[in-house]
Structures are given as structure tokens and as C-alpha cells.
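The structure appears below as C-alpha cells.
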Protein chains: 2
Amino acid sequence: MSQHRPGSTSGPAGAVPALPDLPEATVARLPEYLRALHHCAETGYETVSSEGLAAAAGVNSAKLRKDLSHLGSYGTRGVGYDVALLIDQIEYVLGLTQRRAVALVGVGNLGHALAGYDGFASRGFHVVALFDADPATIGERIHGLQVRHIDELPAVAAETAIAIGVIATPAAAAQAVADQLVAAGVTSILNFAPCVLSVPPNVDVRKVDLAIELQILSFHEHRKSTLTALPGGRAAGTSGQEAVGS
Amino acid sequence: MSQHRPGSTSGPAGAVPALPDLPEATVARLPEYLRALHHCAETGYETVSSEGLAAAAGVNSAKLRKDLSHLGSYGTRGVGYDVALLIDQIEYVLGLTQRRAVALVGVGNLGHALAGYDGFASRGFHVVALFDADPATIGERIHGLQVRHIDELPAVAAETAIAIGVIATPAAAAQAVADQLVAAGVTSILNFAPCVLSVPPNVDVRKVDLAIELQILSFHEHRKSTLTALPGGRAAGTSGQEAVGS
DNA sequence: CGCGATTTGTGCACGTCTTCACAAGCGCCT
DNA sequence: AGGCGCTTGTGAAGACGTGCACAAATCGCG
Ligand SMILES: NC(=O)c1ccc[n+]([C@@H]2O[C@H](COP(=O)([O-])OP(=O)(O)OC[C@H]3O[C@@H](n4cnc5c(N)ncnc54)[C@H](O)[C@@H]3O)[C@@H](O)[C@H]2O)c1
Ligand SMILES: NC(=O)c1ccc[n+]([C@@H]2O[C@H](COP(=O)([O-])OP(=O)(O)OC[C@H]3O[C@@H](n4cnc5c(N)ncnc54)[C@H](O)[C@@H]3O)[C@@H](O)[C@H]2O)c1
């Protein structure tokens with residue numbers, strides 16, 4: 001980086017409180033870089049080039065370099081990036097240095113799978129509570145956690161700060177659950193129900209909708225089939241690897 | 001639309017083969033509009049204004065109008081959009097007029113939930129086959145479908161054209177499964193495993209990664225907490241409703 | 001020590017997406 | 001028929017994201 005003043009705002013030594021405000025698109029890619037870096041670390045690499053890491057993360061190398069440059073200069077020219085250092089940096093920026101508590105609401109079909117997902121713990125998240133409204137499921141024990149009634153949410157939230165609420169209820173109940181989560185002080189929600197949630201502006205909502213993904217694929221499938229039926233029938237797909245988020 | 005020549009390429013009467021090539025961002029929002037429209041139809045609305053539909057879909061009304069304008073002019077000024085007509089149009093563009101066959105590979109924790117998901121059928125998709133590699137799960141019957149060995153995929157694909165393959169195996173197996181799907185002629189893949197897939201350019205891949213969503217939420221949580229700790233402690237969130245996609 | 005090979009960090013140009021603002025069109029009421 | 005209010009469709013401008021291409025920096029080696 002061009003700035004190289006000694007004890008300034010974002011010095012790399014020790015705790016670095018000043019978060020550079022990253023482009024949203026960059027934030028969305030950092031977790032992918034992190035996963036690729038962990039893969040590198042397990043394979044024994046000490047350093048990676050932007051080219052190598054970009055390939056592992058499925059992105060353009062220039063894009064990766066620009067993304068990483070936003071966090072500061074943690075690479076060495078002619079060598080590459082120090083894997084361990086970069087992991088630490090990204091984990092710090094993403095706020096993964098503290099283990100975040102996750103509450104799951106709606107322990108049905110999908111909820112059961114989520115509750116037992118080990119990908120939570122391995123990425124710095126900790127499922128601390130399961131909630132449902134159905135008396136039949138309440139009391140059930142899943143992976144050491146007992147399903148509690150949704151009305152106990154305020155009590156649980158009072159003793160353990162819940163960082164993220166996950167909604168896996170039917171769409172009809174999702175808004176009510178979101179309201180309860182917000183009332184309990186939750187400011188980040190991951191919503192699996194196919195509906196839009198209305199929340200205060202300080203609350204972040206992200207949605208995962210399987211049907212939408214399928215319909216987007218369906219569109220491209222449709223386009224491909226009508227294209228190949230036309231005269232200049234080159235079966236030109238969009239791009240080999242497509243982004244999820246965006 | 002401004003063009004109004006009688007028997008031209010994209011006349012609204014009958015089958016409309018010419019697909020206008022929509023911006024990718026628009027395609028990603030169409031399913032959300034479709035869901036909102038179905039909701040309107042069930043509530044008894046005959047027409048909706050762009051304002052009303054936009055609110056139901058959680059987007060800006062100008063954006064919605066521009067998106068819809070790409071499919072042609074299906075609104076009436078001073079009135080709004082005909083709900084039923086617009087549903088038909090969007091479903092046509094997304095290729096949902098034909099029911100698409102879905103094959104699910106990996107019937108574990110997550111796979112069980114997906115196999116029993118009724119949101120598939122209600123949106124024009126039909127799960128036609130379940131595959132796994134574990135002898136213990138093969139033969140199991142889920143919602144009327146029997147789990148078959150992954151090696152039977154070519155045989156199944158030969159008798160039923162598979163439009164979309166869903167991968168719900170561990171990450172280590174995902175690439176191999178993707179290769180098998182591609183070899184069987186599948187050109188659209190939805191991947192739940194946290195890894196990048198390498199596929200030929202004519203194959204579309206979309207990824208759903210729970211951990212990435214959580215980490216993005218974690219970032220904003222982190223940013224919020226450091227912001228409120230600073231002097232001008234306005235707890236200014238990003239936006240009330242955040243996009244899922246890109 | 002100097003030089004070449006290598007790789008980062010970034011200025012710049014380009015494309016895409018979003019948002020505003022408003023003319024054009026439609027229906028209804030008088 | 002004419003006018004008025006409402007809503008769509010769209011040009012234009014700005015914000016944002018992407019990718020090229022290259023200077024600057026670093027390492028290894030002779
Ligand atoms: N099953 C899937 O594979 C899948 C995939 C994508 C999205 N989804 C969506 O995820 C959601 C859950 O799907 P599912 O298949 O698990 O449904 P499900 O009916 O099996 O489970 C829903 C659970 O939510 C509980 N619930 C209902 N109202 C509640 C409330 N007010 N408070 C707390 N809990 C409440 C129910 O008791 C039930 O246990 C749905 O919105 C569905 O559309 C499911
Ligand atoms: N469980 C969740 O809530 C969840 C959430 C998000 C993402 N994921 C991801 O989804 C994937 C599946 O998760 P899970 O919890 O269901 O795991 P799981 O271990 O319960 O199930 C995986 C299944 O895939 C089968 N399988 C393994 N190799 C195979 C192969 N080569 N061909 C066919 N089938 C094969 C296994 O036999 C098993 O039945 C993982 O990649 C996981 O990271 C899971």
C-alpha cells in the first residue's frame with residue numbers, strides 16, 4: 001500500500017479496530033477466499049500467488065488482488081500472499097475472531113438438517129438454541145440441543161447474546177418470527193422462507209431461496225434450448241462458473 | 001413497447017419464441033416478482049401497480065418497471081399490470097411452462113430435506129430421481145422415490161431427460177458428482193457443497209453456501225459493533241432488506 | 001552488487017446496474 | 001369531447017463493479 005506511516009490508524013500490529021469500508025461485492029467474496037485459503041493451508045502451502053488463490057476460489061486474479069488490496073497490503077511482490085497471515089486478516093475483517101451465537105427457528109424438515117450441520121461450527125458459528133412452535137417437536141433433542149418453545153426466545157436472548165437468527169419456518173410464519181427475533185435484539189437474520197421480510201433499517205436480512213436458484217437455472221436452460229434451435233446454433237453458455245450471490 | 005409491427009419477431013399472440021436477452025440482474029429478480037404476483041392472484045387482485053408489486057417483492061418500483069419493460073409492454077398506463085397475464089409472461093420467459101426434471105445427488109442430512117420439499121413441485125419442478133453412493137441409503141424410499149446408486153445415473157438420464165442436477169454431497173465428492181452429471185448430459189447444476197466446481201462452459205452452475213451467508217452477516221455485525229463504539233455512534237445499518245444474489 | 005524473473009497493487013477505461021425524472025398513454029368523470 | 005389524475009415506459013446520469021495493463025517491489029542467482 002502506498003501509505004506507510006508508522007503508528008497510524010490501520011497499522012497491522014496488534015488489534016486493528018478501523019474497518020475499511022469494503023465494497024459489498026468484495027465482502028461477498030471474502031468467505032470464498034477464506035475457504036480456498038484454508039484448503040491451501042491444509043495442503044501445506046505457506047504462500048499462494050493471486051493466480052493460484054484465484055483459481056481455487058473460482059474468480060479472476062485481478063479481481064482477487066483488488067479485493068485483497070482493500071484490506072491492506074498483505075502480499076509480498078514476487079512471492080505471493082502469506083496464507084496464515086491472510087487467513088487471520090480475513091477472519092478479523094469478517095468478525096470471525098469471536099465465535100458468533102446462532103439461533104435457529106423452525107425445526108422441521110430443513111431445520112433438522114441445519115441443526116445437525118457441522119459446517120456451522122467449523123466456520124466460527126455456534127448454534128446455541130433451537131426454537132419451534134409445534135408442541136410435538138418441543139423437547140426433542142438434536143445434537144445435544146433441546147428444542148424450546150419460540151416464546152422462550154426473549155429469555156434465552158437475555159442470557160446469551162444471539163448474533164444471528166436463522167428462520168426455517170413456513171413462509172406464513174416468517175414475518176412473525178422475524179418480529180420476535182428483532183424484539184429480542186437480533187440484528188442479523190438469515191431467511192430460508194420464500195417471502196420478503198420487513199425489518200427495521202439497522203437489521204440485516206439475507207435470503208436463501210432454493211426455488212429462485214432453480215428458476216434462474218431454468219431460464220438459462222430455456223435460453224440454451226431456444227438458441228440451439230436457431231440457425232447459428234452455437235451452444236454458448238454464459239460463463240463456466242456462475243456467482244451465487246449477486 | 002414502441003415497436004408495434006403486426007407479424008414480427010416477438011408478437012405477443014401465441015407462442016413467442018424470441019427471447020429478449022435479459023440482464024442477468026433482471027433474471028435474478030423475476031422469480032421474486034413471480035412469487036409476489038402469485039400472492040396477489042391468491043389475494044384476488046386482477047391488476048397491480050408497479051408500486052404495489054415492487055413493495056411485495058421488496059424492490060424499488062423504478063427497477064421493477066425497467067425489469068418488466070425488458071420482457072415487453074404488459075402493463076396499462078394509468079391502471080397497472082394484469083396479474084394473470086404477467087404471471088404467464090414471466091413463467092414463459094423463465095421456461096417454466098414445461099415442467100423441468102430435477103435429479104438430486106446425495107441423500108444425507110440436507111438431501112432428505114430437499115427430497116421432501118414441496119416448494120419444488122409448486123414452482124414447476126419435479127424431482128425424478130435420488131442418487132447416493134452409500135449402500136446403506138440405497139433403496140430407501142422418500143416421498144415415493146427410491147434412492148438409487150449414483151452409477152445408475154446414465155441409465156436414468158437416458159430414459160428421462162434431466163434438466164437440473166442438485167448436488168448435496170460432501171465437498172470432497174462434489175467435483176466427481178458434477179463430472180458424472182455433465183457426462184450424463186446435465187447442463188444446469190445447483191451446488192450445495194462448499195467448493196468450486198469446474199465444468200464445461202456450456203454448463204451453468206449456481207452455488208448455495210450457507211456458511212458464506214453467515215459470514216457476510218457476521219461482517220455487518222462486526223461493522224455495526226465497531227461503529228456504535230465510535231464517537232458518532234449512529235447505528236446505521238446498510239439497507240433494510242438485502243439482496244441474496246449477487 | 002546488479003539483473004532478470006516474478007508477482008503485487010492500482011490507475012484507467014469499460015460495461016453493467018440503479019435511480020431519477022418526466023413525457024406519453026390510459027381510463028374515468030364531467 | 002375534453003380535461004384530469006394516475007401509472008407505465010424510458011432516456012439520461014450517476015454509482016458501482018470488472019478487467020486490462022503496467023509500474024513498483026521483492027527475491028534469487030550469478
Ligand atoms: N425443506 C427444504 O428442503 C426447503 C428448502 C428451501 C426452503 N425451504 C423453506 O424453509 C422453510 C421450512 O421448510 P420445511 O420443509 O422445514 O418446513 P416444515 O413444515 O417441515 O418445518 C417448519 C417448522 O416450523 C415450525 N413453525 C411453524 N410456525 C412457527 C412459528 N411461528 N414459530 C416457530 N416455529 C414455527 C413448524 O412447527 C415446523 O416444525 C419453508 O419456508 C420452506 O419453504 C425448505
Ligand atoms: N446439512 C446442512 O444443513 C447443510 C447446509 C448447507 C450446506 N450443506 C452441504 O451440503 C452437503 C451435504 O450435507 P449433509 O449434511 O447432507 O451431509 P451428509 O454427510 O449427511 O450427506 C451426504 C450424502 O452424500 C452421499 N455421498 C457421498 N459421496 C457421494 C457420491 N460420490 N455420490 C453420491 N452420493 C454421495 C453420502 O452417502 C451421504 O448420504 C455438504 O457439502 C454440506 O457442506 C449442508
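In what follows, every chain begins at residue 1, and chains take the letters A, B, ... in the order their sequences are listed.
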For nucleotides 28-30 of chain C, list the nitrogen or oxygen atoms of the protein found under 3.5 Å from its nitrogen or oxygen atoms, one pair per line.
none

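The line from CG of A:L181 to CD1 of A:I189 is 5.0 Å long, rounded to the nearest 0.5 Å. Rounding to the nearest 0.5 Å places OG1 of B:T43 at 12.0 Å from NE2 of B:H38.
Applying the salt bridge (Lys or Arg N to Asp or Glu O under 4.0 Å) definition to pairs two or more places apart or across chains, those involving residues 32-55 of chain B are A:K207-B:E32, B:E32-B:R35. For residues 60-86 of chain B, the set of pairs meeting the salt bridge (Lys or Arg N to Asp or Glu O under 4.0 Å) definition, not counting sequence neighbours, comprises B:R29-B:D67. Sorted pairs that involve residues 85-102 of chain A and meet salt bridge (Lys or Arg N to Asp or Glu O under 4.0 Å), not counting sequence neighbours, are lacking altogether.
Every residue two or more places apart in sequence or in another chain that forms a side-chain hydrogen bond (donor to acceptor under 3.5 Å, both in side chains) with B:Q175 is listed here: B:D179. Applying the side chain to side chain contact (heavy atoms under 4.5 Å, CB included) test to B:A193 and every residue at least two apart in sequence or in another chain returns B:A171, B:A174, B:N191, B:C195. Listed by chain and residue number, nothing satisfies the side chain to side chain contact (heavy atoms under 4.5 Å, CB included) test with A:A176 (two or more places apart in sequence, or in another chain). For the ring pair (Phe, Tyr, Trp, His ring centres under 6.0 Å) test, no residue two or more places apart in sequence or in another chain qualifies with A:H39. The ring pair (Phe, Tyr, Trp, His ring centres under 6.0 Å) search around A:Y117 returns A:F120, not counting sequence neighbours. With sequence neighbours left out, the side chain to side chain contact (heavy atoms under 4.5 Å, CB included) criterion links B:P23 to B:T26, B:H70.
If you take NE2 of B:H70 and P of D:dT8, they are 16 Å apart, rounded to a whole angstrom. Counting to the nearest Å, the P atom of D:dC27 and the CD atom of A:E46 are 15 Å from each other. Following rounding to the nearest Å, A:E51 (CD) and D:dG19 (P) show an atom-to-atom distance of 13 Å. Put simply, CG on B:L71 is 12 Å from P on D:dT10, counting in whole angstrom units.
Using a 4.0 Å cutoff on non-hydrogen atoms, the parts of residues 76-87 of chain B near DNA chain D are B:T76, B:R77, B:G78, B:V79, B:G80, B:Y81, ordered by number.
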**Request:** Do nucleotides 16-22 of chain C as a string where each nucleotide becomes B, S or -: B if the base has a protein heavy atom under 4.0 Å, S if just the sugar-phosphate does, - if no protein is that close.
**Result:** -SSBBB-
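The shortest distance between the side-chain N/O atoms of B:S50 and the OP1/OP2 oxygens of D:dT8 is below 4.0 Å.
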